Amino acid sequence: MRRRPDFENVNTSTLRRLDHAWFARDALVLSRALLGCYLVHERGPDEPDSPPRVARIVETEAYRGPKDLASHARAGLTRRTRTLYGEEGHAYVFFIYGMHDCFNVTCGGAGRGHAVLIRAGEPTAGFAAGARLDGPGRFSRAMGISRRLDGHDLTANPLYLCARTGRPRIDVTPRVGVAYAGEWADKPWRFIDAASSHVSRPPRKAVGRG
DNA sequence: CATATGATTCCA
DNA sequence: GGAATCATATGA
């Protein structure tokens with residue numbers, strides 16, 4: 001009988017919190033490293049008595065600073081990109097299309113403008129049955145993440161990241177929704193857990209493997 | 001100040 | 001296919 005993946009039986013009370021140094025890497029490296037990791041949000045402000053919400057990350061995209069024309073970093077240091085250009089390991093949360101918040105993890109070091117967009121996750125603990133975390137807008141909403149948490153230190157309560165419990169097989173595709181970015185739109189900088197059914201847009205055919 | 005548009009989602 | 005809906009960036 002085939003063994004179940006270890007993340008299906010993970011005891012969320014034993015998860016190991018990632019430390020600051022872990023985030024000090026290029027967004028391309030961190031996009032892969034974040035797959036399978038857990039994001040924990042304790043005590044959402046809207047529901048003070050709810051249990052911690054834990055999601056296993058299954059889809060990420062790399063945004064690599066001002067020369068990457070798909071990235072908000074292309075505008076340079078503005079009020080909006082203050083967090084993006086700040087220290088690694090913090091939450092960069094932006095508002096888009098007049099209705100959605102999107103959650104990113106800053107990385108690579110202060111001043112570089114690197115970040116990883118979290119595009120989907122699997123509900124692991126603390127969610128209602130059938131909760132969907134596929135798509136950056138839905139992920140943020142389900143996790144209770146809004147712009148209030150922009151700039152939050154992701155090694156600190158109430159929102160922090162924990163190490164993965166297994167190593168996923170990775171598929172690679174171009175990024176979603178960045179057609180305006182010319183040659184940068186075609187970069188294969190989207191990474192998904194190839195075994196997950198909670199990915200926002202499964203690739204018809206992956207352009208690469210991890 | 002005016003305008004265009006977006007790292008999306010939902011409905012028809 | 002097209003609407004919803006507004007912060008941000010950009011240019012007058």
Side-chain angles (χ1 to χ4, degrees), chain A residues 23 26-35 37 39 46 55 57-86 88-108 112-123 127-128 130-152 154 159 161 170-193 196-203 206-207:
Chain A
F23 298 93
D26 188 294
L28 271 184
V29 176
L30 210 73
S31 292
R32 293 170 178 275
L34 276 167
L35 289 180
C37 290
L39 182 66
D46 24 311
I57 294 168
V58 298
E59 178 177 346
T60 60
E61 279 178 0
Y63 288 86
R64 303 186 70 214
K67 70 175 191 297
D68 173 6
L69 296 186
S71 171
H72 295 164
R74 68 184 181 274
L77 181 57
T78 65
R79 195 171 65 179
R80 183 200 210 187
T81 60
R82 183 185 151 99
T83 311
L84 179 57
Y85 275 102
E88 65 271 24
H90 288 244
Y92 169 48
V93 185
F94 64 85
F95 187 58
I96 191 71
Y97 297 121
M99 55 188 89
H100 302 295
D101 286 300
C102 293
F103 171 70
N104 301 251
V105 178
T106 64
C107 63
R112 272 182 89 193
H114 279 219
V116 177
L117 172 68
I118 307 302
R119 289 190 53 91
E122 295 174 354
F127 293 96
R132 290 183 61 188
L133 289 69
D134 54 319
R138 275 196 291 263
F139 179 88
S140 301
R141 183 158 55 91
M143 285 299 296
I145 297 171
S146 73
R147 282 162 291 170
R148 291 192 311 278
L149 286 164
D150 182 49
H152 172 74
L154 290 171
L159 182 68
L161 280 154
I170 299 173
D171 281 344
V172 184
T173 84
R175 293 177 291 185
V176 175
V178 296
Y180 57 85
E183 62 176 298
W184 298 91
D186 301 323
K187 303 284 185 188
W189 290 355
R190 171 171 176 254
F191 304 91
I192 68 184
D193 177 340
S196 179
S197 59
H198 296 258
V199 164
S200 72
R201 295 168 52 167
V207 301

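Below, chain A is the first sequence line, B the second, and so on; all start at residue 1. Being a predicted model, the structure only gives us computed values, none of them experimental. All heavy atoms count here, side chains included; hydrogens, waters and symmetry mates do not.
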Hey, does [Y] have a side-chain heavy atom less than 4.5 Å from the side chain of [X]?
| X | Y | answer |
| --- | --- | --- |
| A:D134 | A:V199 | no |
| A:R138 | A:S200 | no |
| A:N104 | A:F94 | yes |
| A:R132 | A:F127 | no |
| A:D150 | A:R82 | no |
| A:L84 | A:S71 | yes |
| A:W184 | A:V178 | no |

Can you list the steps and then say if A:V93 with A:T83 is a side-chain contact (heavy atoms from CB on, under 4.5 Å)?
CA-CA 9 Å; A:V93 185; A:T83 311; over 6 Å; no
Sorted by number, the residues of residues 182-190 of chain A with heavy-atom contact under 4.0 Å to DNA chain B
none
In whole angstrom, give the distance that lies between atom [atom1] of [X] and atom [atom2] of [N].
| X | N | atom1 | atom2 | value |
| --- | --- | --- | --- | --- |
| A:R119 | B:dT9 | CZ | C1' | 11 Å |
| A:D134 | B:dT8 | CG | P | 13 Å |
| A:I118 | B:dT8 | CD1 | P | 14 Å |

If we count only N and O atoms by modelled type, under 3.5 Å, do the side chains of A:S146 and A:R148 hold a donor and an acceptor together?
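A:R148 and A:S146 do have a side-chain donor-acceptor pair below 3.5 Å.
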Does A:R132 place a side-chain N or O at less than 4.0 Å from the phosphate oxygens OP1/OP2 of B:dC10?
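A:R132 to B:dC10 OP1/OP2: no side-chain N or O under 4.0 Å.
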Pairs under 3.5 Å (N/O, protein and nucleotides 3-10 of chain C):
unit_1 : atom_1 : unit_2 : atom_2 : d
C:dT5  : O2     : A:Y97  : O      : 2.6
C:dA9  : OP1    : A:T78  : OG1    : 2.5

Distance, nearest 0.5 Å, that separates CG of A:D193 from CD1 of A:I57:
11.5 Å
Determine which bases of DNA chain C form Watson-Crick or G-U wobble pairs with both distances under 3.5 Å, and write the result as a 5' to 3' dot-bracket string with | for other-strand partners.
||||.||||||.
Once you apply a heavy-atom cut-off of 4.0 Å, does A:R175 come out as touching a base, just sugar-phosphate, or nothing?
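Touches nothing.
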Pick base, sugar-phosphate or nothing for A:R201, based on heavy-atom distances below 4.0 Å to the nucleic acid.
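Counting heavy atoms under 4.0 Å across all strands, no contact is made by A:R201.
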When you compare C:dA3 with B:dA4, how far apart are their P atoms, in angstrom units rounded to a whole number?
16 Å
Relative to the ring of A:H72, is the ring of A:Y92 parallel (under 30°), tilted (30 to 60°) or perpendicular (over 60°)?
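Geometry flag for A:H72 against A:Y92: perpendicular rings.
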